[in-house]
Engineer: 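The structure follows.
Counting starts at 1 for both ligands and their atoms, in listed order.
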Amino acid sequence: MQIFGVDIGGSGIKGAPVDLEKGDLAQERHKVLTPHPATPDAVADGVREVVEQYEWAGPVGITFPGVVTGGSTIRTAANVDKGWVDTDARALLSERLGGLPVTVVNDADAAGVAEMRFGAGRDRSGTVILLTFGTGIGSALFVDGVLVPNSELGHLELGGHDAEKRASSKAKEDADLTWEHWAHRVQKYLAHVEMLFSPELFIIGGGVSRKSAKFLPFIDGIRAEIVPAQLQNNAGIVGAAMRAAEEGTAGGAGR
Ligand code: BGC
C-alpha cells in the first residue's frame with residue numbers, strides 16, 4: 001500500500017510516494033525550493049509542483065512546521081509566514097491538488113511516528129521523546145508508542161529565552177558556536193525536558209542527526225538514553241504518509 005508524503009521545510013518542499021510496509025520511499029523523491037515569503041498560496045503551489053511529478057491520484061499526507069489540529073487547521077507558524085495561522089490547510093492543499101484527500105500533520109510529529117515504527121524508536125515502550133534540531137526545535141512525545149500530538153517542547157523557556165532560539169541548529173549557525181558550546185546548550189535543554197517528562201529515550205532528529213558523533217559525546221548528566229534518528233531526511237515524508245493512512249482508516253475509507 002502506498003500513500004504520497006510531502007515534507008514542507010524551511011528550505012525545501014520534498015515528496016514521494018511512500019511504501020507503508022517498508023517505511024521507505026517507493027520512488028525517488030522530488031524537491032522544489034520553499035518560496036520566500038512562504039505564504040500559504042506560494043507553498044501550496046510548491047506542493048502541487050512536487051505531486052505533479054508523479055501520476056498520483058490517492059491520499060496525500062503533508063507536514064507543516066507548526067501546530068496542526070484535526071489534520072487540517074494551522075494554529076502557529078513560528079518560523080514561516082504568519083499568514084498560515086488559522087488557515088484550513090487541508091482545504092487549501094486539497095483544492096490545489098485537484099481534490100485529492102489531504103491530511104496535514106506537524107513536522108516533528110510526522111518524523112516521530114516514522115522513527116517509532118521504522119527507526120530508532122522501534123519496539124520502545126514508556127515515554128519516548130523525539131526532538132528535531134533545525135531552524136527551530138520540533139518535538140514528538142510518545143507514551144507506549146502512542147503520539148501525544150503538538151507537544152511543542154521547542155518553545156519551553158530556557159534561561160529566559162525561547163529554547164529553540166538558544167539550542168536549535170540555526171542558533172548554532174547564527175552565533176557560530178563550536179559543537180562543544182552548542183552541545184552544552186542542548187544538554188541544558190535536555191535536562192529541562194527530562195525534569196518535566198522523565199523519558200526513557202530521547203531520539204535526536206533533524207539535519208544534525210547525521211553529525212551526532214560531533215556533539216553527543218559532549219552531552220552528559222542525562223539519565224535517559226540518547227540516540228540519533230535513523231530515517232534522517234525521509235522521516236517527515238514517511239511519517240506524513242503514515243498519518244494520512246491512519247486518518248483514512250479512522251474515517252472509514254479503508255487502507
Ligand atoms: C514549531 C514546531 C515545529 C518546529 C520544527 C517550531 O518552531 O513551533 O511546530 O515542529 O519548529 O519545525
Engineer: What do we get for N106 next to ligand 1 when only non-hydrogen atoms under 4.0 Å count, side chain, backbone, both or neither?
Structural biologist: side chain

Engineer: State the atoms of ligand 1, each with its element, that fall below the 4.0 Å cut-off from a heavy-atom position in H155.
Structural biologist: 1 (C), 6 (C), 7 (O), 8 (O)

Engineer: Show me which atoms of ligand 1 lie under 4.0 Å from any heavy atom of G138.
Structural biologist: 4 (C), 5 (C), 10 (O)

Engineer: After noting the C-alpha distance and the side-chain angles of D7 and R29, does the key distance pass the salt bridge (Lys or Arg N to Asp or Glu O under 4.0 Å) rule?
Structural biologist: CA-CA 11 Å; D7 193 15; R29 67 183 199 188; over 6 Å; no

Engineer: Does ligand 1 have a heavy atom under 4.0 Å from the side chain of P65, from its backbone, from both, or from neither?
Structural biologist: both

Engineer: Of all the atoms in ligand 1, which lie at a distance below 4.0 Å from a heavy atom belonging to N79?
Structural biologist: 7 (O), 11 (O)

Engineer: How far is atom 12 (O) of ligand 1 from the closest protein heavy atom, and which atom is that?
Structural biologist: D107 OD2, 2.6 Å

Engineer: Mark up the atoms of ligand 1 that fall under 4.0 Å of a heavy atom belonging to A78, in ascending order.
Structural biologist: 7 (O)

Engineer: Looking only at non-hydrogen atoms, find the nearest pair between F133 and S168 and report the distance.
Structural biologist: CD2-CA, 4.4 Å

Engineer: Could you list which atoms of ligand 1 come closer than 4.0 Å to a heavy atom of I137?
Structural biologist: 4 (C), 6 (C), 11 (O)

Engineer: Does ligand 1 have any atom that is closer than 4.0 Å to a heavy atom of G66?
Structural biologist: yes

Engineer: How far is atom 2 (C) of ligand 1 from its nearest protein heavy atom, and which residue and atom name does that atom have?
Structural biologist: E152 OE2, 3.2 Å

Engineer: Can you list the ligand 1 atoms lying under 4.0 Å from a non-hydrogen atom of E164?
Structural biologist: 6 (C), 7 (O), 11 (O)

